[in-house]
Amino acid sequence: MDHLEMVEKLRAKANVSYEEARDALEACDWDLLDALLMLESEGRLNEEKQAEYTTRPKTEEKPRAERRKRGEGVLSQLMRGLGRFIRKCNAVTVQIKKGGETRMELSMTVVILLVAFMFWWVIAAALIAMIFGYRYSVKGLRIDDDVNQAMDKAGDFVNNVVNVTPVKVVHEDEHKDTDSDENK
């Protein structure tokens with residue numbers, strides 16, 4: 001086999017250019033197998049896509065084995081979603097204020113866990129704190145203005161209930177007595 005045939009054969013097998021095939025053969029003293037191994041070890045083989053034929057309908061879904069390799073099972077998707085939820089909750093804080101001064105700041109994740117595990121205690125503590133003048137606000141939400149307005153209204157309501165000024169009730173008899181005293 002002459003050099004030109006060897007170059008053409010290497011080009012067909014390795015799917016490389018004419019110059020690459022000739023240089024590889026020259027470097028390996030015109031040994032076709034050595035030249036092919038050298039191209040492969042250097043990562044210069046250009047693999048052609050092989051034609052695939054199937055009777056199955058073409059779908060975009062990955063086979064189950066590929067999903068398992070990449071960790072895309074139902075559990076991993078659930079965990080990934082839970083991780084995103086926790087990150088978003090950690091970006092939101094609930095501030096507890098008194099007299100305009102922030103006394104405590106809690107992550108929304110902590111608030112959710114407290115409400116989930118100690119619901120009645122948290123509700124009672126929040127109401128008692130509101131009676132003593134504490135206010136709550138949320139920071140970090142896109143809708144925090146609406147939420148904070150609602151919390152301010154709740155705080156105002158509690159203040160109105162707690163700070164009721166006593167009203168003196170005057171009976172009709174007393175009212176008549178004061179009228180007659182004024183007439184005298």
Side-chain angles (χ1 to χ4, degrees), residues 10-17 20 24 33 35-163:
L10 183 60
R11 276 189 66 211
K13 291 282 184 192
N15 194 20
V16 293
S17 69
E20 288 176 312
L33 183 59
L36 186 61
L37 291 173
M38 183 184 87
L39 287 172
E40 183 180 19
S41 68
E42 293 175 356
R44 292 178 17 196
L45 292 182
N46 299 325
E47 294 183 23
E48 264 186 49
K49 281 196 165 188
Q50 299 292 327
E52 295 179 5
Y53 302 99
T54 181
T55 57
R56 293 182 181 172
K58 200 171 198 176
T59 62
E60 295 297 320
E61 187 176 324
K62 298 172 189 167
R64 177 180 267 172
E66 280 186 46
R67 284 194 310 248
R68 282 188 185 155
K69 283 181 191 173
R70 303 181 96 201
E72 294 181 8
V74 175
L75 185 61
S76 67
Q77 288 176 350
L78 179 67
M79 295 305 287
R80 200 173 318 128
L82 182 63
R84 281 192 301 263
F85 176 73
I86 290 172
R87 273 192 301 278
K88 287 181 181 180
C89 286
N90 285 338
V92 178
T93 58
V94 176
Q95 296 178 335
I96 302 171
K97 300 178 179 183
K98 184 170 185 177
E101 180 185 331
T102 302
R103 299 286 176 100
M104 186 182 292
E105 200 167 312
L106 296 172
S107 165
M108 185 60 80
T109 306
V110 173
V111 173
I112 290 171
L113 289 172
L114 285 172
V115 169
F117 291 109
M118 300 186 310
F119 180 78
W120 294 111
W121 289 99
V122 171
I123 297 299
L127 287 174
I128 291 169
M130 287 177 81
I131 289 171
F132 286 108
Y134 286 89
R135 297 288 179 110
Y136 304 98
S137 64
V138 177
K139 183 177 165 186
L141 284 176
R142 281 182 258 162
I143 57 167
D144 58 354
D145 290 336
D146 296 334
V147 172
N148 290 335
Q149 286 176 357
M151 288 184 170
D152 285 340
K153 285 181 183 179
D156 291 341
F157 174 77
V158 170
N159 281 343
N160 290 338
V161 169
V162 170
N163 298 328

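A quick note: this is a predicted structure, and the numbers were derived from the prediction, not measured.
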How far does [atom1] of [X] sit from [atom2] of [Y], to the nearest 0.5 angstrom?
X    : Y    : atom1 : atom2 : answer
L82  : R87  : CG    : CZ    : 10.0 Å
R135 : T102 : CZ    : OG1   : 13.5 Å
M79  : I86  : CE    : CD1   : 8.0 Å
L106 : L113 : CG    : CG    : 11.5 Å

Provide the closest heavy-atom pair for [X] versus [Y] in the form atom of the first, atom of the second, distance.
X    : Y    : answer
S137 : K97  : OG-CE, 3.6 Å
V122 : L114 : CG2-O, 3.6 Å
A129 : Y136 : CB-OH, 3.3 Å

Side-chain heavy atoms of F85 within contact of I112, under 4.5 Å
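Yes. Closest side-chain heavy atoms under 4.5 Å.
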For side chain to side chain contact (heavy atoms under 4.5 Å, CB included), just list the numbers for T93 and M104, CA-CA rounded to whole Å, side-chain angles, deciding distance to a tenth of an Å, and then say yes or no.
CA-CA 10 Å; T93 58; M104 186 182 292; over 6 Å; no
Sequence neighbours left out, what passes side-chain hydrogen bond (donor to acceptor under 3.5 Å, both in side chains) with N90? Give chain and number order.
S107, T109
K88, NZ atom: more than 12 neighbouring heavy atoms under 6.0 Å
no
